[in-house]
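Read the structure below first, then the notes.
The analysis underlying the following values was restricted to heavy atoms, covering all of them including side chains, and did not include hydrogens, waters or symmetry mates. Numbered from 1 within each chain, the chains take letters A, B, ... in sequence-line order.
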Number of protein chains: 2
Amino acid sequence: MAGKRARTAPTRGTTITDIARAAGVSKATVSRVLNGGATVNEEMAKRVRVVIDELGYTPSQTARSLSLGVSRTVGVVVPDLGNPMFHQVLHGFNRAAARDGYRVVVADSFEDPENEAELARDLRDRTDAVALFAPRMTRENLLALLPRVAPVTVFNRTTGKNAGSVLIDYHAGVIELARHLIDLGHRRIAFLAGPSDARSNWERERGLAEVREAEGDVEINDIACGYSFEDGYRAWPAVGASAATAVIAYNDVVALGLLGRLAEEGVSVPGDLSVTGFDDIPFARYSSPSLTTMTASLEDIGRQIWTVLRAEMTDSPIRDPLTFTPALSARGSTRMLP
Amino acid sequence: MAGKRARTAPTRGTTITDIARAAGVSKATVSRVLNGGATVNEEMAKRVRVVIDELGYTPSQTARSLSLGVSRTVGVVVPDLGNPMFHQVLHGFNRAAARDGYRVVVADSFEDPENEAELARDLRDRTDAVALFAPRMTRENLLALLPRVAPVTVFNRTTGKNAGSVLIDYHAGVIELARHLIDLGHRRIAFLAGPSDARSNWERERGLAEVREAEGDVEINDIACGYSFEDGYRAWPAVGASAATAVIAYNDVVALGLLGRLAEEGVSVPGDLSVTGFDDIPFARYSSPSLTTMTASLEDIGRQIWTVLRAEMTDSPIRDPLTFTPALSARGSTRMLP
DNA sequence: TTGAAAGCGCTAACAT
DNA sequence: ATGTTAGCGCTTTCAA
């Protein structure tokens with residue numbers, strides 16, 4: 001309402017004004033007792049606190065954010081919360097953020113690249129910064145999005161220094177994995193490839209190509225697969241047909257899916273077939289046989305993502321990608337070829 | 001600044017005012033073209049849209065929420081995003097919410113009951129409603145929290161009709177599981193108990209107590225355990241000592257952890273020991289042996305949580321708890337006693 | 001159809 | 001130490 005009163009107030013519940021009135025003080029005073037800092041007469045402060053309690057008042061974070069210009073909250077967009085890998089990273093991120101007084105809210109894009117940008121923008125509009133975990137969108141879309149949602153840092157995608165970036169070195173990782181298998185005497189290896197548009201996949205492809213190059217007598221076959229249990233489970237016929245003695249699965253989840261199928265099919269692991277994963281999700285240790293995989297300190301990575309994001313938020317961004325090289329965890333699912 | 005200008009604007013980026021000025025129209029007009037509905041001269045509208053594009057403007061959701069009083073966003077507090085069970089439910093919830101034009105943001109409490117209430121309040125302050133998934137806090141705290149964060153609905157805890165509530169019938173479920181084992185001839189059963197303060201645990205305890213009552217010759221031993229892989233893994237010595245021929249694990253994650261240990265220890269499943277889980281997480285189908293467990297349609301449950309929350313938000317809340325009874329999925333980890 | 005202005009709930013500068 | 005007031009960026013009533 002222009003004029004005397006504006007439009008009907010869409011307000012919910014008690015506001016700072018109610019408290020001020022009820023306590024017989026100004027809003028400013030209420031604000032001061034709420035936020036500490038300023039000096040307030042102890043009498044008054046007490047009275048205000050009592051009223052706040054009685055009326056069960058909580059300040060509107062929305063109003064607060066608008067006024068302050070910051071929310072001390074950051075958003076994370078994750079492609080698949082169902083992959084324990086992301087959960088681990090998220091955990092580290094969350095803890096680090098909390099230590100700096102920041103809250104974390106997360107949005108799951110459920111592997112839908114269409115949704116990612118909108119989710120990120122929307123999240124960013126309610127928070128002070130966002131982290132994008134392994135975005136699935138095209139590089140073009142990613143680069144277009146970055147300035148819109150800054151400060152932003154990206155996990156497992158490069159950004160051409162247009163944003164902070166933290167990477168797992170899948171290239172080096174997969175090479176180590178392949179060498180492990182080769183050292184064990186394997187010469188026919190199958191690679192269960194992940195999503196063809198994912199950086200994490202072509203980094204692996206690139207590493208394996210180098211291994212092929214270097215080791216003339218080693219044969220590495222690509223088998224299109226995916227990233228889920230199902231995908232691993234369904235890969236069996238192709239794996240069987242390949243006559244490989246060892247399988248490098250795209251990640252642990254895929255490897256575990258395959259393991260399930262192999263058990264059903266009566267294929268002994270590692271007797272008939274060696275199998276490796278990637279990520280070292282918690283369950284990899286408990287499968288039977290336990291899974292040989294590449295371990296990165298996921299919590300640590302989460303912590304670093306926070307550090308980089310924090311830098312983006314302040315003075316001096318860290319634009320050189322931070323790279324983590326995973327290490328081999330040799331377990332029960334691989335063995336020396338007789 | 002009282003006086004001419006208030007304090008330094010903590011603004012970020014382009015605002016509606018910039019657009020209005022650049023397009024030579026009023027903020028009201030910009031708002032109108034942004035939100036459709038009202039009739040705007042096509043000329044003007046076009047001009048505004050061009051400017052918006054050029055300046056890369058996105059409206060502040062914070063300001064919008066404050067003005068509108070709603071955000072078309074809801075929050076979810078989850079105790080452990082690492083448990084695939086919650087992820088499944090979240091998926092169903094998310095889809096249903098999206099269909100109604102709502103966005104979902106989630107906060108992970110990482111199993112810390114201390115944090116839950118604060119997370120929930122904070123989330124609620126930025127959203128229109130919240131869903132609490134299996135809150136770990138005491139009933140007292142829960143009941144105190146409910147009015148503060150309404151509209152709210154709770155998954156897997158009762159609320160005494162102080163909020164919407166959706167439940168999995170663990171009581172009936174565990175009874176069916178026990179009967180399955182008993183039908184298979186088992187007479188000494190171990191129960192790996194979950195968190196002692198969780199409803200989901202004592203509902204199971206209650207069910208098992210009834211079974212004990214009804215079946216004189218059946219012995220069911222409680223073994224304190226937990227909810228994680230590790231917990232299941234570590235339960236072995238106690239399980240072994242109990243001389244049980246079958247184990248009812250608190251949930252799939254625990255069962256899977258135990259399975260891993262049993263493989264290490266050379267205990268054959270189901271040869272030496274039958275093992276059951278609960279929840280039917282995706283991996284349960286792929287473990288070796290595949291896991292006998294109780295299946296509920298988790299996505300469906302998520303969808304229903306949304307329905308109930310939606311009702312809370314509008315006219316007529318649904319205060320009678322919605323209960324889902326899970327069904328047995330008998331798989332490879334249980335067998336008839338010889 | 002368009003613009004001016006009030007107001008959403010809060011914070012912080014300024015004045016007292 | 002406390003109150004007054006402008007303003008955060010948006011929406012919407014009211015007047016033109």
Discussion item. As a test of reading the structure: which of C:dG3, D:dT12, D:dA6 is closest to the side chain of A:Lys27, going by heavy atoms?
Written reply: D:dA6

Practice prompt. Round to the nearest Å and state the distance from B:Arg47 atom CZ to C:dG3 atom P.
Written response: 9 Å

Fill in: Closest to side chain of A:Arg64, choosing from C:dA12, C:dT2, C:dC10
C:dC10

Discussion item. What I want to check is whether the side chains of A:Thr62 and A:Ser65 have a donor and an acceptor closer together than 3.5 Å.
Written reply: no

Worksheet entry | Of the listed nucleotides C:dA4, C:dA12, D:dC10, the one nearest the side chain of B:Arg32 | C:dA4

Worksheet item: Over how many whole Å does the gap from A:Arg126 atom CZ to D:dC10 atom C1' extend?
Response: 13 Å

Worksheet item: Do A:Arg139 and A:Thr158 have side-chain N/O donor and acceptor atoms under 3.5 Å apart?
Response: yes

Worksheet item: So which nucleotide from C:dC10, C:dA4, D:dC10 ends up closest to the side chain of B:Pro59?
Response: D:dC10

Response to the item:
Ranking B:Ala63 and B:Gly24 by the position along DNA chain C of their nearest nucleotide, the one closer to 5' is B:Gly24

Discussion item. Mind checking if B:Thr29 touches a base, just sugar-phosphate, or nothing, with heavy atoms under 4.0 Å?
Written reply: sugar-phosphate

Worksheet item: Roughly, in whole Å, what's the span from CG in A:Leu68 to C1' in D:dG7?
Response: 13 Å

Fill in: Between C:dT11 (C1') and A:Leu34 (CG): distance, integer Å
11 Å

Fill in: Nearest listed nucleotide, side chain of B:Met44, among C:dT11, C:dG3, D:dC10
C:dG3

Practice prompt. Measure from the side-chain heavy atoms of B:Tyr57 and tell me the nearest of D:dT4, C:dT11, D:dC10.
Written response: D:dC10

Worksheet item: For B:Leu66 and D:dC8, what is the distance between atoms CG and C1' respectively, to the nearest whole Å?
Response: 9 Å

Worksheet item: Does the distance from a Lys or Arg side-chain N to an Asp or Glu carboxylate O, for B:Arg121 and B:Asp125, drop under 4.0 Å?
Response: no

Worksheet item: Within the pair A:Ser31 and C:dT11, is there a side-chain N or O less than 4.0 Å away from OP1 or OP2?
Response: yes

Item to complete: Nearest whole angstrom, please: distance from the P of D:dC8 to the CD1 of B:Ile16.
Response: 13 Å

Practice prompt. Determine, stepwise, if the pair A:Val25 / A:Arg32 fulfils side chain to side chain contact (heavy atoms under 4.5 Å, CB included).
Written response: CA-CA 11 Å; A:Val25 301; A:Arg32 288 193 267 258; over 6 Å; no

Discussion item. Quick check: on DNA chain C, is the nucleotide nearest A:Asn35 upstream (toward 5') of the one nearest B:Ser26, or the reverse? Name the residue that is more 5'.
Written reply: B:Ser26

Worksheet entry | A:Asn41 side chain, from C-beta outward: closest of D:dA6, D:dC10, D:dT2 | D:dT2

Item to complete: Ignoring the backbone of B:Val25, work out which of C:dG3, D:dT12, D:dG3 is nearest its side chain.
Response: C:dG3

Practice prompt. Using the six-membered ring wherever Trp is involved, compare the ring planes of B:Phe93 and B:Phe133 and label them parallel, tilted or perpendicular (cut-offs 30° and 60°).
Written response: perpendicular

Worksheet item: Would B:Thr127 and B:Arg103 count as having a side-chain donor-acceptor pair, cut-off 3.5 Å?
Response: no

Response to the item:
When rounded to whole Å, the CD to C1' distance for the pair A:Gln61 and D:dC8 reads 15 Å

Worksheet entry | Separation of atom CZ in B:Arg21 from atom P in C:dG3, rounded to whole Å | 14 Å

Discussion item. If you only use heavy atoms from C-beta on, which nucleotide in D:dG3, D:dT12, C:dC8 is closest to the side chain of B:Ser67?
Written reply: C:dC8

